[in-house]
There are 2 protein chains.
Amino acid sequence: MPKQTFFNLDEDKRDTLIDALKKEFSRVNVHEASISNIVKQARIPRGSFYQYFDDKEDAFLYVLESYGRVNKAWLMTYLEETQGDLFETSTRLFRRLLESYSSTDHYQLFRHAFLNMNHKIEQAFTSDKLKDDLQQNMEELVQYIDGSQLMIETKEELFHLLKIIKAVTFHNAIEVFVHQLSIDEACQQYQLELTMLKRGLLKKES
Amino acid sequence: MPKQTFFNLDEDKRDTLIDALKKEFSRVNVHEASISNIVKQARIPRGSFYQYFDDKEDAFLYVLESYGRVNKAWLMTYLEETQGDLFETSTRLFRRLLESYSSTDHYQLFRHAFLNMNHKIEQAFTSDKLKDDLQQNMEELVQYIDGSQLMIETKEELFHLLKIIKAVTFHNAIEVFVHQLSIDEACQQYQLELTMLKRGLLKKES
DNA sequence: CACCAAAATGACACAGTGTCATTTCAATAC
DNA sequence: GTATTGAAATGACACTGTGTCATTTTGGTG
């Protein structure tokens, strides 16, 4: 966490600094990023940097955090917007996620943020806090889903369904961010895979 | 890639060096690892290190590579052993994967290798080389699966099924490696999720 | 034994981090 | 208007670690 001094900074100066951070962390990864570049860009003396942050890592995490909030928001939206068709919602949000990450100057950083997100969401998913949140939303959610044609009955199962969807989401997103798959293609694949999930793989006795 | 000099080294010396690399890269992550430590441990002069490797990264990738082969092997085994029940096979191999990664002195390194594996396998999955391999194995595989009770008919679908399984595998493995979930619990979850996938989520008209 | 290429060696230049003694600033008291 | 004081700013510098390179050693060959 940045030090109090950082938050005491007047807005202009802080913004300049944040911009410099984003620029440098977008240019290269954390370890190649140089504090010297940052302070040069932000036009602050070297010592000041350490007045604001513990170290490079600290600054990086701070910047990352701001994108982390996007993810949190995404997850929340996900839970809130999930009405009607769970799968349709997923596909829509998947596209939105990809597009929001793509339409930015700081692609590197976003990419990083995204890869990092896995850990974050993973944490969220395993943290007691979110489990509680889930528990609370569960009742409602289960209503929706029970109302549709899905075979989800217990909270346990819903939890695992979300986990599977998340896994598929993540892996398709990786293909976009790491392997340059086009968003359209990714969405198409994603949809296909969700359909398979929905339909299941066992042959119905006919 | 290490330089030729490295491969010319007599076995003893090379092994000592490799041990030193593993030790250092197990202790901390690549960026915290220090070449000074490595050469001290391996009792070679600093300059020699650069005779063998371009830099730290190069040495790291070399060591990682050796574990990478485990993954490749896993993937191959996966494709070969997949007979009878695809899902049963997956569960068995999932456990084997976790256990092989856990039972080692170089846990850090393994963890790293594993997280890295995602990229690797991802590459493999999107590389033309493996796609060709898959194409070749597909015909056979489709026979097996067609023979069982699964609704997989086209190569496309099989490809996506493998992708989904991989995604679920990876995410459960993460819970073990990053979030310290026990292997038994992970396997249990994994099995449950595969069952959901198999069964599908749409209510059958009854 | 002379010669040569490949490999070994370690001193050193260089880059980048984090510290710290000192200075500046701004708010409050008198 | 001036003194006081704590927070913040500043940049020189010590320190750590990387990669280079001129020099030495080694082992093989004519």
Side-chain angles (χ1 to χ4, degrees), chain A residues 1-65 106 108-109 112 116, chain B residues 1-65 106 108-109 112 116:
Chain A
M1 255 243 304
K3 300 179 183 172
Q4 188 53 44
T5 2
F6 174 74
F7 297 108
N8 294 345
L9 242 38
D10 80 282
E11 213 159 325
D12 266 11
K13 196 168 176 186
R14 192 165 65 229
D15 284 349
T16 313
L17 178 50
I18 292 177
D19 278 349
L21 290 174
K22 286 185 181 174
K23 190 167 176 189
E24 181 67 2
F25 290 131
S26 303
R27 190 179 63 82
V28 286
N29 69 39
V30 206
H31 304 284
E32 284 176 67
S34 116
I35 294 178
S36 305
N37 276 347
I38 295 167
V39 300
K40 204 188 301 168
Q41 177 75 29
R43 270 168 305 180
I44 58 169
R46 179 172 196 77
S48 293
F49 181 90
Y50 291 93
Q51 207 74 279
Y52 308 141
F53 302 103
D54 285 334
D55 50 23
K56 200 168 44 172
E57 207 72 20
D58 189 30
F60 177 69
L61 288 178
Y62 170 74
V63 182
L64 209 54
E65 199 62 14
H106 306 297
Q108 261 293 329
L109 183 54
H112 213 115
N116 226 281
Chain B
M1 256 244 301
K3 301 179 181 171
Q4 188 52 45
T5 2
F6 174 73
F7 297 109
N8 294 345
L9 242 39
D10 80 282
E11 211 159 326
D12 265 12
K13 197 170 176 186
R14 193 167 64 229
D15 284 349
T16 313
L17 177 51
I18 291 177
D19 277 350
L21 289 174
K22 286 186 181 175
K23 189 168 176 188
E24 182 66 4
F25 290 132
S26 303
R27 191 179 63 82
V28 287
N29 68 40
V30 206
H31 305 284
E32 284 176 67
S34 118
I35 295 179
S36 305
N37 277 347
I38 294 167
V39 300
K40 204 187 302 166
Q41 177 75 28
R43 270 168 304 182
I44 57 169
R46 179 170 195 78
S48 293
F49 181 91
Y50 291 94
Q51 206 75 277
Y52 308 140
F53 303 103
D54 286 332
D55 50 23
K56 198 167 45 171
E57 208 70 22
D58 188 30
F60 177 69
L61 288 178
Y62 170 73
V63 182
L64 209 53
E65 199 62 12
H106 305 297
Q108 263 293 328
L109 183 54
H112 213 115
N116 226 280

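Letters A, B, ... mirror the listed sequences (proteins, then strands); counts begin at 1.
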Study note, to complete from the structure: The side-chain hydrogen bond (donor to acceptor under 3.5 Å, both in side chains) partners of A:Asn37 (sequence neighbours excluded) come to A:Glu24
Exercise for review: Please report the closest heavy-atom contact between A:Pro2 and A:Tyr62, naming both atoms and the distance.
Suggested key: CG-CD1, 3.5 Å
Check your understanding: Does the D:dA8 base have a donor-acceptor partner in the side chain of A:Gln51 within less than 3.5 Å?
Key -> no
Practice item. Could you tell me which non-hydrogen atom of A:Ala42 sits nearest to which non-hydrogen atom of A:Thr16, and how far apart they are? Key: O-CG2, 4.1 Å
**Study point:** Criterion side-chain contact (heavy atoms from CB on, under 4.5 Å) on B:Thr5 and B:Tyr50, from CA distance to verdict
**Key:** CA-CA 10 Å; B:Thr5 2; B:Tyr50 291 94; over 6 Å; no
Check your understanding: In whole angstrom, what separates A:Tyr50's OH from D:dC13's C1'?
Key -> 13 Å
Review point. Counting any heavy atom closer than 4.0 Å, what does A:Thr5 reach on the DNA or RNA strands: base, sugar-phosphate only, or nothing?
Key: sugar-phosphate
Review point. Can you check whether A:Leu21 reaches A:Phe49 side chain to side chain, under 4.5 Å on heavy atoms?
Key: yes
Study note, to complete from the structure: So CG of B:Leu17 and CD1 of B:Ile44: to nearest 0.5 Å the spacing works out to 5.0 Å
Review point. With B:Gln4, which residues qualify under side-chain hydrogen bond (donor to acceptor under 3.5 Å, both in side chains), at least two apart?
Key: B:Asn8
Please report, to 0.1 Å, the donor-acceptor pairs under 3.5 Å made by any side chain of residues 53-61 of chain B, with sequence neighbours excluded.
unit_1	atom_1	unit_2	atom_2	d
B:Asp55	OD1	B:Glu57	N	3.4
B:Asp55	OD1	B:Asp58	N	3.0
B:Lys56	NZ	B:Val30	O	3.3
B:Lys56	NZ	B:His31	O	3.4
B:Lys56	NZ	B:Ala33	O	3.0
B:Asp58	OD1	B:Met1	N	2.7
B:Asp58	OD2	B:Asp54	N	3.0

Practice item. For DNA chain C, note the earliest and the latest nucleotide, 5' to 3', having some atom under 4.0 Å of a heavy atom belonging to chain B. Key: C:dA7 to C:dG10
Review point. Which parts of residues 39-47 of chain B get close to DNA chain D, meaning a heavy atom less than 4.0 angstrom away?
Key: B:Arg46
**Study point:** A:Arg14 side, atom CZ; A:Asp12 side, atom CG - distance, nearest 0.5 Å
**Key:** 10.0 Å
Revision key, fill the gap. Expected list for residues 6-18 of chain A near DNA chain D, using heavy atoms below 4.0 Å, is A:Asn8, A:Leu9, A:Lys13
**Study point:** Whether over 12 other heavy atoms sit under 6.0 Å from A:Lys3 NZ
**Key:** yes
Practice item. Would you mind reading off the distance between B:Phe49 atom CZ and D:dG17 atom P, rounded to a whole angstrom? Key: 14 Å
Check your understanding: What is the distance from CG of A:Asp55 to P of D:dT16, rounded to the nearest Å?
Key -> 17 Å
